[in-house]
**Student:** 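Take a look at the following structure, please.
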Amino acid sequence: MKLLPIFSLNNQMPIALALVMLLLPINSVAAPSQRLEAIGEAAVDFVRSNHPWQGLNVSFEQPTLDERLSLSPCEAPLQASMPIGGRIAKRTSIAVKCPTAAGWTIHVSVIANAEASVLVARRAISRHEQIHANDVMEASRDITSLPYGYLSELPVGDALQAKTGIAQGAVITPGMTQAADVIKRGDIVAIELSDTRMAISMRGVALADAAAGELVAVKNSQSGRTVQGQAMASGRVRIQ
């Protein structure tokens, strides 16, 4: 009987190890990649230079990019921009570009916070009610969250009234206010007619409320005719 040759495990180990090594990928040094923090820094620098809250206490949150993102290193300074017509707000999308032939563009969001002193309603203010200094108070707010603007002070002479109802504690915006009425419906007013040759004044009755500069209808007390003129201060209506 012919006996088969016997190989020990020790004899096979060098061959098995060589086969495994052939199947494994060749290790190589990892290719360099773009520093992700630099992308966020470029976006923040753009917003810092172009935001509308210059002179206020403004802070920015650094964008966080996915660490799995792998980009080739940019050999030129990064360029940050935003769409034409866009505006910087609480959260702004910024495009960061590597301006090389094999470059790339990444969009990141920059969050801004800007603290400023604003006027808030000390109490509920009704529509058409005149706003006085003791009706409001100053408070610190993040104005990046106020897309409709805000008031930081009242004009001299209590010259504002509420255009809409204003809730207690609400930030007072320009859209909530309008010039206070200088003429009330039923007021006795002076109707002034002036041209280059003479000036005539007559008495009349206002048929509506009107702020300074607004048109208002008045009834001439003498003739009974209704005319329209521009409301002036101190209950005067001027007809051109």
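All values below come from the heavy atoms of this structure, side chains included, with hydrogens, waters and symmetry mates left out. Residue numbers run from 1 in the order of the sequence given.
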**Student:** Take Val118 and Arg141, measure what side-chain contact (heavy atoms from CB on, under 4.5 Å) needs, and give me the verdict at the end.
**Tutor:** CA-CA 7 Å; Val118 305; Arg141 292 287 188 273; 3.5 Å; yes
**Student:** Output, in order, the C-alpha distance, side-chain angles, deciding distance and verdict of side-chain contact (heavy atoms from CB on, under 4.5 Å) for Asn113 and Glu61.
**Tutor:** CA-CA 8 Å; Asn113 298 280; Glu61 296 182 23; 3.8 Å; yes
**Student:** When you group the ILVMFWY residues by side-chain heavy-atom contacts below 4.5 Å and let the links chain together, are Leu151 and Ile131 in the same group?
**Tutor:** yes
**Student:** Quick check: are there more than 12 heavy atoms from other residues, nucleotides or ligands sitting under 6.0 Å from NZ of Lys219?
**Tutor:** no
**Student:** Starting at CD1 of Ile39, measure out to CD of Gln34 and round the result to the nearest 0.5 Å.
**Tutor:** 5.0 Å
**Student:** Take Glu192 and Ser201 through the side chain to side chain donor-acceptor pair (under 3.5 Å) test and state the conclusion after the steps.
**Tutor:** CA-CA 4 Å; Glu192 301 174 354; Ser201 180; 5.4 Å; no
**Student:** Do Val44 and Val108 share a hydrophobic cluster (ILVMFWY, side-chain heavy atoms under 4.5 Å, transitive)?
**Tutor:** yes
**Student:** In a check of side chain to side chain contact (heavy atoms under 4.5 Å, CB included) between Val237 and each of Asp187, Leu193, Leu215, Val218, which one passes?
**Tutor:** Val218
**Student:** For a quick check under 3.5 Å, do Glu75 and Thr100 share a side-chain donor-acceptor pair by atom type?
**Tutor:** no
**Student:** With a cut-off of 6.0 Å (strictly less than), are more than 12 heavy atoms of other residues, nucleotides or ligands near CD of Glu67?
**Tutor:** no
**Student:** For residues Tyr150 and Pro174, determine if any side-chain heavy atom of one lies less than 4.5 Å from a side-chain heavy atom of the other.
**Tutor:** no
**Student:** Would you say Met82 and Val47 are hydrophobically clustered, going by side-chain heavy atoms of ILVMFWY under 4.5 Å?
**Tutor:** yes
**Student:** Please report the interatomic distance CG(Leu69) to CD1(Ile106), rounded to the nearest 0.5 Å.
**Tutor:** 5.0 Å
**Student:** How about Arg123: does its CZ atom have over 12 heavy atoms from other parts shown lying under 6.0 Å from it?
**Tutor:** yes
**Student:** Report yes if some heavy atom in the side chain of Val189 is under 4.5 Å from a heavy atom in the side chain of Ile183; otherwise report no.
**Tutor:** yes
**Student:** Got Ser221 and Val205 here, is their nearest side-chain heavy-atom distance under 4.5 Å?
**Tutor:** yes
**Student:** side-chain contact (heavy atoms from CB on, under 4.5 Å) between Ile111 and Phe60: does it pass, once the steps are laid out?
**Tutor:** CA-CA 6 Å; Ile111 299 175; Phe60 305 96; over 6 Å; no
**Student:** If you count every heavy atom of other residues, nucleotides or ligands that lies below 6.0 Å from Gln228 atom CD, does the total exceed 12?
**Tutor:** yes
**Student:** Less than 4.5 Å apart, side chain to side chain, heavy atoms only: is that true for Val120 and Ile172?
**Tutor:** no
**Student:** Taking atom CZ of Arg35 as the centre, report whether more than 12 heavy atoms of other residues, nucleotides or ligands fall under 6.0 Å from it.
**Tutor:** yes
